[in-house]
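Quantities reported herein were computed from a predicted structural model and do not represent experimental measurements.
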There are 2 protein chains.
Amino acid sequence: MKKNKKISMKDISKELGISITTISFIVNKKAENKISKEVIKKVEDYIEKVGYKPNSSAQSLRTGRSKTIVFMAEDISDPFFSAIAKEMETIAFNNGYKIIYCSTENKKERAVELLNLFKDRQVDAFIITPPEGFENELRKLIYDEQHVIMVFDRYFDDFKHNYVVLENYKGTQEATASLYNSGKRNIAFIGIESNLSPLKQRFEGYKDKIGDYGLKEYSLLIQFEHIKTQQGQNYIKSFLETHPEIDGILFATNNLAISGLRVIKNKGLKIPEDLGIISFDDRDVFELFTPPISVIAQPVPDLAEELIKGTLKLLKTKSANEYRFYQKSLNGKLIIRKSF
Amino acid sequence: MKKNKKISMKDISKELGISITTISFIVNKKAENKISKEVIKKVEDYIEKVGYKPNSSAQSLRTGRSKTIVFMAEDISDPFFSAIAKEMETIAFNNGYKIIYCSTENKKERAVELLNLFKDRQVDAFIITPPEGFENELRKLIYDEQHVIMVFDRYFDDFKHNYVVLENYKGTQEATASLYNSGKRNIAFIGIESNLSPLKQRFEGYKDKIGDYGLKEYSLLIQFEHIKTQQGQNYIKSFLETHPEIDGILFATNNLAISGLRVIKNKGLKIPEDLGIISFDDRDVFELFTPPISVIAQPVPDLAEELIKGTLKLLKTKSANEYRFYQKSLNGKLIIRKSF
DNA sequence: GTCGACAGGTAAAACGTTTTACTAAAATCT
DNA sequence: AGATTTTAGTAAAACGTTTTACCTGTCGAC
């Protein structure tokens, strides 16, 4: 059983007869034109030999930076968010950062609670998927408390902030068009009742395109909490029964589509003959479904890269005291399968 | 713009004319029979008023404990692991712990690298899904370096350690039995070529049950890296073509089943008429598939709860210096749908 | 031979806690 | 009343870094 005393700079200092300051400079690569080559070599070799690693708590305490980023997702067990999380992880690690994840469940109170938990815990930056009604908290965080905040998936018009989002409007426009081009003329939109930017824009994209074609609008907006419930499925069911002429559906999110597909399956409707289907967000279930469902996919690796690189950049420029907003909007990708 | 100076114990001390020691005792609820009610009240009120939160870096530095747990999953974007992660998160938070996630991709080198990254970073415990060939590292970690390690999903016979796993053997026994009971007599096992305990035990469960029935064994073991690839699908395809008499398949993991279902779909085979199917691990795609696929589901919330509660318990008893192994084995749950 | 510049390095304060050992005053015991 | 214990509290060291300001010696220039 190994003697488990962690080695510190002081130990190295004593052992080598070199001051702690010098060790620190060398460890932090700030020794270049202050310390002689020989001393640097000596220290580096010794560090290598004994496997010294600086104590990160002490570093955080001294510098006020913890090399930690919090990713507050809507739901970290959702395939979309967990895929994003995984991509970010790697890049963050390679830059010496750790990521802590948490889920808001799209509840404002939960988000506030989590925020309070982390705010005073030496976190360098937040990547946040803000739930509805979170504007004011967010604004305070950014403008009053001056935290580094990257907003993901949605944004707010009323104040400037960093964000990485998707071109949602374009996405549903394209989706609606491809449903139209396959011959569908009674195209419905099933979305979520929400003021969040992506959900509104997806709806707008649909409406505008439908308007362009001079078609009739059919839409069903479901409350957030019913997306995955039986209740939600009931809404969809009666919506379809009220409008039997509907021959195409655009689902605003993958979870919505999954609920919808359950209903369609139960009712014995045929895709694509009775109903053309397209959904936002890809998931393996869509590819495996019979028939495979067409989607507007989000470019997960690109989003994740923008998110984390953007955040890292903000962190750098912040310490350089020249702050500029980081705002990116990426295009979705239409994947045509066999569902219309 | 608020003055952003963080408030510290020293500030409170000065403001209230009370020593830092006293403040510390009160903050840490160790004041009970040392400090008068009035002083406690006064300090608590003030803390409440100014929203003081202790600096966690300083706490970590002083105590050597960081209140951080690392969860090294096989792949954090896998639905199974991300579901586990999310459940653990909440419980950990409520106990004042943060979780940092990372993915080994089932690669030993990656795991070692991650471990080195975290080992010297003031982490209180590790929850690890060890990749193949990780035994020795793990043993060192536990016995030489005396870290708090909880092993998840798999375990090793050669040395004692904490774990939370599933009753995999029972699971495939049951699965094989239900395939048999539905009339299938040429039941194949499609698994993964691996020495990891769950994969071996799942295979054993199948083999023993098949032996009990006096049936012929059919099995295909795929390498880890081919599970999700086209290559893997090709293996499955030719396996099925070599043994056209197969009328039932037990898939050892969900990802394997997904690859298998793609093949089955492409070949135009009918489930359950041509082929009865059952898979390990539930996923929404199985429920939505046509026909819905039966599974042995893992009890995710229970597993997560055991994992995190077990780890927290180890952390407590470790500081109390009475260490006992925490070993739990939970039962899977057979969910019969329409696939045989 | 004095001045300045530079190279190579160090001492010590500070970051914000926790915790040990101590004290002064009050209460209790004998 | 004197000794002892209890109550209520505090001073100061320590955790392991980073960073500022300083020091010492050497060399070249004048």
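Between the side chains of Ser56(A) and Gln122(B), a donor-acceptor pair is found at a separation under 3.5 Å.
Atom P of nucleotide dT6(D) and atom NZ of Lys34(B) are separated by 13 Å, given to the nearest angstrom. Separating the CG atom of Leu16(A) from the C1' atom of dT10(C) is a distance of 15 Å, rounded to the nearest angstrom. Atom CE in Met9(B) sits roughly 4 Å away from atom P in dT18(C) (whole-Å rounding). Put simply, CG on Asn55(B) is 14 Å from C1' on dG16(D), counting in whole angstrom units. dG16(C) atom P lies 9 Å from atom CD of Gln122(A), rounded to whole Å. As rounded to whole Å, 17 Å separates atom P of dT20(C) from atom CD1 of Ile20(B). In this entry the distance linking CZ of Arg62(A) with C1' of dA14(D) reads 17 Å, nearest Å. Rounding to whole angstrom units, NZ of residue Lys14(A) and P of dT10(C) are separated by 16 Å.
Contact annotation for Ser36(A): backbone-only contact, meaning every heavy-atom pair under 4.0 Å involves sugar-phosphate atoms and none involves a base. Counting any heavy atom pair closer than 4.0 Å across all strands shown, Thr21(A) reaches a base atom. Looking at heavy-atom distances under 4.0 Å, Ser8(A) makes contact with sugar-phosphate atoms alone, never a base. Within the nucleic acid shown, Val27(A) has no heavy atom closer than 4.0 Å to any nucleic acid atom. Residue Lys37(B) is classed as having no contact, given no heavy-atom separation below 4.0 Å to the nucleic acid.
Where Lys10(A) and Lys30(A) meet DNA chain D, the nucleotide closest to each residue was compared, and Lys10(A) sits on the side nearer the 5' end. The nearest heavy atom of DNA chain D to Ala58(B) and to Ile35(B) marks one nucleotide each, and the one closer to the 5' end goes with Ile35(B).
Nearest nucleotide to the Leu61(B) side chain, out of dC15(D), dT17(D), dT18(C): dC15(D). Residue Phe25(B) has its side chain nearest to dT19(C) when only dT19(C), dT17(D), dT17(C) are considered. Residue Ile18(A) has its side chain nearest to dT10(C) when only dC15(C), dT10(C), dG16(C) are considered. Closest contact between the side chain of Thr63(B) and the listed nucleotides dT18(C), dT19(D), dT17(C) involves dT18(C).
Residues Ile128(B) and Ile149(B) are in side-chain contact: their nearest non-hydrogen atoms beyond the backbone lie under 4.5 Å apart.
No cation-pi contact links Lys313(A) to Tyr326(A), judged by a cut-off of 6.0 Å to the six-membered ring centre and 45° from its axis. Taking the ring centre of Tyr46(B) as origin, the terminal cationic atom of Lys42(B) falls outside the region bounded by 6.0 Å and 45° from the ring axis.
Here Thr22(A) does not reach the OP1 or OP2 of dG9(C): none of its side-chain N or O atoms lies under 4.0 Å away. Taking side-chain N and O atoms only, Asn28(B) has a distance below 4.0 Å to OP1 or OP2 of dT18(C). For dG16(C), neither phosphate oxygen OP1 nor OP2 lies less than 4.0 angstrom from any side-chain nitrogen or oxygen of Gln59(B). Side-chain N/O atoms of Tyr52(A) include none lying less than 4.0 angstrom from OP1 or OP2 on dG16(D).
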Show your reasoning for whether side-chain contact (heavy atoms from CB on, under 4.5 Å) applies to Gln327(B) and Lys160(B). CA-CA 10 Å; Gln327(B) 305 182 322; Lys160(B) 256 195 125 176; 4.2 Å; yes
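Ring geometry for Phe152(A) against Phe81(A) counts as perpendicular: the plane angle is over 60°, on a 0 to 90° scale with 30° as the lower cut.
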